[in-house]
Each structure stands twice: as structure tokens, then as C-alpha cells.
Amino acid sequence: MLATIPGYWLKTVRRYPLSYRAPLYNGFCAHGERLVQAANTFPVLATDAIWRAENSNLDGINMILDGKELKEIAKALEVPMAYRKLKPGVMRNGLTDQRHPLFHRNCLMN
């Protein structure tokens with residue numbers, strides 16, 4: 001699988017903590033370029049959409065693939081727009097927020 005995806009997809013995924021990489025690889029392969037763009041532009045939103053898709057909620061992924069505005073997607077997934085500024089590595093520093101399913105997971109590292 002890794003040999004078949006473009007190098008810049010790998011570069012994008014390598015910005016994330018190890019525990020996030022496999023779902024991102026799979027999401028990129030399954031859903032394509034728009035998800036890669038979202039992961040580069042709004043890492044927390046893309047990660048949340050992928051997590052929800054793994055749990056049979058494709059609303060976020062479908063909105064990304066349909067080209068909806070990030071503000072609209074963030075509102076639908078209840079991810080604050082302020083999180084757009086956060087880099088992927090901040091998730092390894094234990095970012096927590098009780099409102100979002102993304103931050104309820106135990107994959108956040110301290």
C-alpha cells in the first residue's frame with residue numbers, strides 16, 4: 001500500500017503521532033486528495049472525521065469530499081475553528097476537550 005500512494009501523502013502523515021498514522025494512511029487511500037488537503041489545512045478536523053468514519057459516521061468525510069467549507073464542516077462536527085491553528089504534533093502533548101469524541105480516545109499521548 002505505501003508504495004502506491006504519492007510521496008507528499010506520506011509526508012503529511014509523518015507529521016502526526018504514530019498512533020494516528022495507520023488510520024490516516026487508510027483514510028487517504030480510501031477517500032483521496034481532498035482528505036489529504038483537509039489533513040494539511042485542519043489536522044484536528046481531518047483526524048476527527050476519520051475517527052468518526054471508523055465508527056460508521058461518514059458525515060465529516062462526506063462533507064470533506066463534497067468540498068464544503070471548513071467552517072461548515074467544523075460546525076457540523078462540533079470542532080472549534082480555533083483548533084485549525086493546532087499542528088498534528090499537539091495531539092501527542094495530551095490536548096483534551098471533553099466535548100469532542102476525538103479527545104475521548106486513549107490514543108492521545110502525554
- Please walk me through it: do Ile73 and Phe42 pass side chain to side chain contact (heavy atoms under 4.5 Å, CB included)? CA-CA 11 Å; Ile73 300 168; Phe42 199 155; over 6 Å; no
- Distance (rounded to the nearest 0.5 Å) between Asp48 CG and Tyr83 OH: 10.5 Å
- Query: Rounded to the nearest 0.5 Å, what separation is found between the CZ atom of Arg21 and the CG atom of Asn26?
  - Reply: 14.0 Å
- Task: Determine the minimum heavy-atom distance between Ala49 and Leu77, stating which atoms define it.
- Result: CB-CD1, 4.3 Å
- State the CD-OG1 distance between Gln37 and Thr12, to the nearest 0.5 angstrom. 10.0 Å
- Task: Could you tell me whether the side chain of Tyr20 reaches within less than 4.5 Å of the side chain of Val13, counting heavy atoms only?
- Result: no
Distance-only criterion, 3.5 Å: show the donor-acceptor pairs between side-chain atoms of residues 57-68 and protein atoms not counting sequence neighbours.
residue	atom	partner	partner atom	Å
Asn57	OD1	Asp59	N	3.2
Asn62	ND2	Leu58	O	3.2

- Heavy-atom nearest pair, Pro88 first then Pro17, reads O-CD, 3.6 Å
- When rounded to the nearest 0.5 angstrom, what is the spacing between CH2 in Trp9 and CZ in Arg14? 14.5 Å
- Task: State, yes or no, whether a side-chain contact exists between Ile50 and His31 at a heavy-atom distance under 4.5 Å.
- Result: no
- Message: Using every non-hydrogen atom in the two residues, find where Pro43 and Arg15 come nearest and quote the distance to one decimal.
- Response: CG-NH2, 4.5 Å
- Got a second to check how far Tyr8's OH is from Phe28's CZ, nearest 0.5 Å? 10.0 Å
